[in-house]
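Since the structure comes first, as structure tokens, the remarks are kept for the end.
As a basis for the values below, the full set of heavy atoms in this structure was taken, side chains included, without hydrogen atoms, waters or symmetry mates.
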Amino acid sequence: MFLVALSLSFMCKALGGVVMKSSITQIEKRFDISSSVSGLIDGGFEIGNLFVIVFVSYFGSKLHRPKIIGIGCFIMGTGSILTALPHFFMGYYRYSTESPVNPSENLTTSFSTCSISENLLLNSTSPKIVEKGCEKESGSYLWIYVLLGNMLRGIGETPIVPLGISYIDDFAETGHSSFYLGTLHAISMIGPIIGFIQGSLFAKMYVDIGYVDLSSIRITPKDSRWVGAWWLGFLVAGLLSIMSSIPFFFLPQNLDKPQKESKDLVSSHLPKRNEKRSQIANVTNRGQNISENMTDFFQSLKSILTNPLYVILLFSSLLLASSHIGAITYVFKYIEQQYGQSASEANIFLGTITLPTVATGIFTGGYIIKKFKLSLLGIAKLSFYTSALALIFQQFNFAVICESKSVAGLTLTYDGNNPVASHINVPLSYCNSDCNCDESHWEPVCGANGVTYMSPCLAGCKSSSGNKKSIVFYNCSCVEVTGVQNKNNSVNLGECPRDNHCTKKFYIYVLVQVLNYFFSSLGSTPTIMLVFKNVQPQLKSLAVGFHSLTIRALGGIPAPIYFGALIDKACMKWSTSSCGKRGFCRLYNSRLYGNTYLGLIVSLRFSALILLVVLIFTMKKIYQGKNTRASENGRKDMNEANLEPLNNDGYFVPSADNEAHM
């Protein structure tokens with residue numbers, strides 16, 4: 001029963017993580033924030049985790065573990081619901097600066113076309129309206145509640161893994177714990193599957209579904225301004241997490257409860273004088289134990305931090321984890337911006353290739369180590385080769401970067417004929433200089449010449465027909481189609497789609513990512529084994545815990561922030577509020593975005609690869625080329641006096657001389 005309950009909590013934990021990652025781009029648009037701010041929101045999970053991880057690790061095993069896990073699941077669910085809560089207090093989503101506050105209003109009148117008399121009225125906004133709009137901008141700070149919700153989710157997730165796994169390990173029958181843990185992680189994979197499926201479905205639903213007339217919405221999920229029902233995913237994840245907490249409150253603290261009760265029954269008949277003596281002795285011993293434990297803790301910490309193999313592997317893992325965290329956080333945005341895929345399509349794509357590929361890679365890595373009974377040096381070499389292959393395949397992605405979209409006023413002159421050196425302050429052209437257009441407006445239209453214009457006014461359009469999604473603008477003076485008899489020079493609502501050449505590059509990107517994910521996950525098992533196989537057995541828990549703490553603190557928190565900050569540098573068109581405040585990025589320089597995003601990933605992985613080379617040479621020096629077995633029951637005789645053989649669990653136990661050398 002505990003295994004079933006814990007499996008459900010693991011599934012909800014993974015579900016919440018996928019929902020957050022897949023909703024990052026939609027949260028940016030909905031709250032009008034930059035990528036660096038969304039990176040801070042994503043890192044809030046690790047911040048919350050770090051707040052309580054020390055207390056949970058120390059006090060968790062001394063308290064009622066199932067109840068602590070249940071409380072954690074409840075807090076995790078509450079955090080997910082809090083993340084979705086701002087949606088119910090915000091106004092309607094305005095996907096355009098010209099769209100009305102209520103989308104159900106008449107939309108065709110909100111477009112600004114090239115008409116001097118009309119545009120003078122449109123652009124002369126009264127101070128009262130501006131002041132009113134600025135007052136409403138206070139709602140943009142509701143993203144702080146999303147950050148707090150994600151932090152709360154991180155706090156709630158903290159006890160689930162360490163206390164759950166230790167509970168299974170303590171009370172499972174001998175030899176059965178590995179089977180239970182395998183079952184646990186296999187079932188937990190259902191969480192990401194549900195996350196990607198529901199993410200794809202909810203991304204197709206309009207953000208204000210249930211509040212507005214959907215037939216009045218003039219954009220589609222393919223539009224870069226579209227925001228799906230991101231909040232629904234958090235509500236589902238939150239409710240499931242709260243439901244998963246219920247069984248833990250009915251499970252015992254110990255599975256050998258009858259024995260404990262009998263011991264308590266015997267102790268209750270002892271004389272009260274003995275109880276007082278024992279209480280005094282306990283207080284004295286407790287003080288001594290605390291000081292001894294603190295001394296032992298710092299000595300143990302010093303032992304692993306003076307172990308060169310552990311320290312080198314720690315920094316290598318940190319660099320590798322930072323590259324993975326940053327890549328996963330912004331891969332949805334990358335696919336949407338680089339290849340023109342919708343958020344729904346990005347969810348399906350990542351769910352289809354990621355889960356089976358990663359699962360296969362992790363299983364294969366463990367099988368190779370078991371099958372060939374690799375030594376510690378062999379495991380390190382396997383980790384190096386898999387990381388090197390993943391790095392090589394990662395670099396192929398540079399070849400499939402698409403060129404930036406042809407956008408008049410950003411990559412081309414406003415007449416759409418000539419490229420520009422910079423997207424900043426592109427001067428108006430002869431075709432729209434008399435139109436009195438607001439250059440900050442973003443209502444993209446696609447011309448028959450394949451060029452996207454930022455608004456019908458900037459395209460020089462004089463008239464329009466149709467309504468909602470089928471609006472067509474005519475007599476657009478900036479649209480020139482060579483070799484085509486088109487007197488009207490019309491444009492359609494929405495950005496121009498990516499060309500076929502870019503679509504072909506997307507399919508190549510998919511293939512490359514499959515190989516990249518496979519070799520990256522293939523090296524995850526060897527890396528985990530190296531973390532605790534190169535330290536003394538009694539320091540295993542501390543080594544793994546400190547490794548996890550370092551990855552979370554120095555990788556999980558800063559990586560999304562600096563990835564987002566560098567990605568923001570590639571932005572060509574920012575959204576602007578009615579007060580002139582910069583919001584989210586509407587359009588990126590595709591090549592600069594690709595080079596920045598992929599370049600940062602490659603740089604981190606290459607640095608990690610260098611440290612793995614250093615690790616291998618250091619291991620050769622310390623182990624003197626001896627083949628120390630890392631398999632579970634592996635043993636090997638050693639002739640060198642300063643090296644002890646592996647113990648029965650496969651750990652390297654250095655002698656006093658070797659400890660001094662290390």
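In this structure, W230 and V227 have side chains that are in contact, with non-hydrogen atoms separated by less than 4.5 Å. The shortest side-chain heavy-atom distance between F234 and L85 does not fall under the 4.5 Å cut-off. Side-chain contact between L350 and K21 is absent, with no heavy-atom pair separated by less than 4.5 Å. By the 4.5 Å heavy-atom criterion applied to side chains, N347 and F332 are counted as neighbours. In this structure the side chain of F563 never reaches within 4.5 angstrom of the side chain of T329, judged on heavy atoms. Between Y453 and C496 there is no side-chain heavy-atom pair separated by less than 4.5 Å. At a threshold of 4.5 Å between non-hydrogen side-chain atoms, the residues T354 and F349 do not count as touching. A 4.5 Å side-chain heavy-atom check between L214 and I209 finds at least one atom pair inside the cut-off.
Remark: side-chain polar atoms of T83 are paired, donor with acceptor, to backbone N or O of G79 under 3.5 angstrom. Looking only at distances, a side-chain donor or acceptor of W226 sits under 3.5 Å from a matching main-chain atom of A203. Within the 3.5 Å criterion, the main-chain N or O of L458 finds a donor-acceptor partner in the side chain of S455. At distances below 3.5 Å, not a single donor-acceptor pair connects side-chain atoms of Y593 with backbone N or O atoms of S404. K29 places no side-chain N or O within 3.5 Å of a backbone atom of I27 that could act as its donor or acceptor partner. Side chain of Q26 to backbone of G228: a donor-acceptor contact under 3.5 angstrom is found.
Judged as a side-chain contact (heavy atoms from CB on, under 4.5 Å), and not counting sequence neighbours, the contacts of N150 are M20, F45, R153. Annotation: side-chain contact (heavy atoms from CB on, under 4.5 Å) contacts of L319 (sequence neighbours excluded): L604, S607, A608, L611. Applying the side-chain hydrogen bond (donor to acceptor under 3.5 Å, both in side chains) criterion to S590, with sequence neighbours excluded, gives R498. For I194, the side-chain contact (heavy atoms from CB on, under 4.5 Å) criterion is met by M11, L15, I190, Q198, not counting sequence neighbours. Not a single ring-ring contact (aromatic ring centres under 6.0 Å, His included) links F196 to another residue, sequence neighbours left out. Partners of E403 under the side-chain hydrogen bond (donor to acceptor under 3.5 Å, both in side chains) rule, at least two apart in sequence or in another chain, are R591. In this structure K569 satisfies the side-chain contact (heavy atoms from CB on, under 4.5 Å) test with no other residue, sequence neighbours excluded. Remark: H87 engages Y211, W231 in a ring-ring contact (aromatic ring centres under 6.0 Å, His included) (not counting sequence neighbours).
Nearest heavy atoms, P192 versus A14: CD-CB, 3.6 Å. Considering all non-hydrogen atoms of both residues, Y597 and A327 come closest at OH-O, 2.6 Å. Residues L554 and S322 come closest through the heavy atom pair O-OG, 4.1 Å. Nearest heavy atoms, R586 versus S224: O-OG, 4.4 Å. Nearest approach of L318 to G555, heavy atoms of both residues: CD1-N, 3.7 Å. Here the closest non-hydrogen pair linking L412 and G416 is CD1-O, 3.9 Å.
Within a 6.0 Å sphere centred on NZ of K204, heavy atoms belonging to other residues, nucleotides or ligands number 12 at most.
Using modelled atom types, one finds no donor on one side chain facing an acceptor on the other under 3.5 Å when comparing T220 with Y206. Donor-acceptor pairing under 3.5 Å is recorded for the side chains of S200 and S344.
Rounded to the nearest 0.5 angstrom, C402 SG and Y339 OH are separated by 5.5 Å. The OG atom of S323 sits 14.0 Å away from the CZ atom of F606 when rounded to the nearest 0.5 Å. Interatomic distance, OG of S38 versus CG of D568, reported as 7.5 Å (0.5 Å rounding). Taken to the nearest 0.5 Å, the CG atom of D438 stands 7.5 Å off from the OG1 atom of T576. A distance of 6.0 Å separates CZ of F584 from CG of D32, quoted to the nearest 0.5 Å. M572 contributes atom CE, which lies 5.0 Å from atom CG of N589 (distance to the nearest 0.5 angstrom).
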Donor-acceptor list for residues 420-430 side chains, cut-off 3.5 Å, not counting sequence neighbours:
from	atom 1	to	atom 2	distance (Å)
S422	OG	I424	N	3.2
Y430	OH	E480	OE2	2.6

Between side-chain atoms of residues 503-510 and protein atoms elsewhere (two or more places apart, or another chain), which donor-acceptor pairs fall under 3.5 Å?
from	atom 1	to	atom 2	distance (Å)
T503	OG1	D499	O	3.2
K505	NZ	I401	O	3.0

Practice prompt. Please report the C-alpha distance between S463 and F473 in whole Å, then the side-chain angles of each, then the deciding distance to 0.1 Å, and finally whether the side chain to side chain contact (heavy atoms under 4.5 Å, CB included) criterion is met.
Written response: CA-CA 6 Å; S463 59; F473 298 89; over 6 Å; no

Fill in: side chain to side chain contact (heavy atoms under 4.5 Å, CB included) between Q394 and S520, intermediate numbers included
CA-CA 10 Å; Q394 182 69 43; S520 295; over 6 Å; no

Discussion item. Walk me through whether I33 and I41 qualify under side chain to side chain contact (heavy atoms under 4.5 Å, CB included).
Written reply: CA-CA 11 Å; I33 55 178; I41 292 175; 3.7 Å; yes

Discussion item. Side chain to side chain contact (heavy atoms under 4.5 Å, CB included), that's the test. Do L152 and T78 meet it? Break it down for me.
Written reply: CA-CA 8 Å; L152 200 61; T78 305; 4.1 Å; yes

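Contacts classified as salt bridge (charged side-chain N to carboxylate O under 4.0 Å, His left out) and involving residues 404-429 (residues at least two apart or in different chains) are given here: K405-E495. Evaluation of the salt bridge (charged side-chain N to carboxylate O under 4.0 Å, His left out) test over residues 328-337, restricted to residues two or more places apart or in two chains, returns E28-K333.
Partner of Y588 under the side-chain contact (heavy atoms from CB on, under 4.5 Å) criterion, chosen from Q337, Q338, K573: Q337. Shown are C478, C446, C476; of these, the side-chain contact (heavy atoms from CB on, under 4.5 Å) with V491 is made only by C476.
Disulfide status for C571 with C585: present, SG atoms under 2.5 Å apart.
For E443 and R225, the salt-bridge test passes: some basic side-chain N is under 4.0 Å from an acidic carboxylate O.
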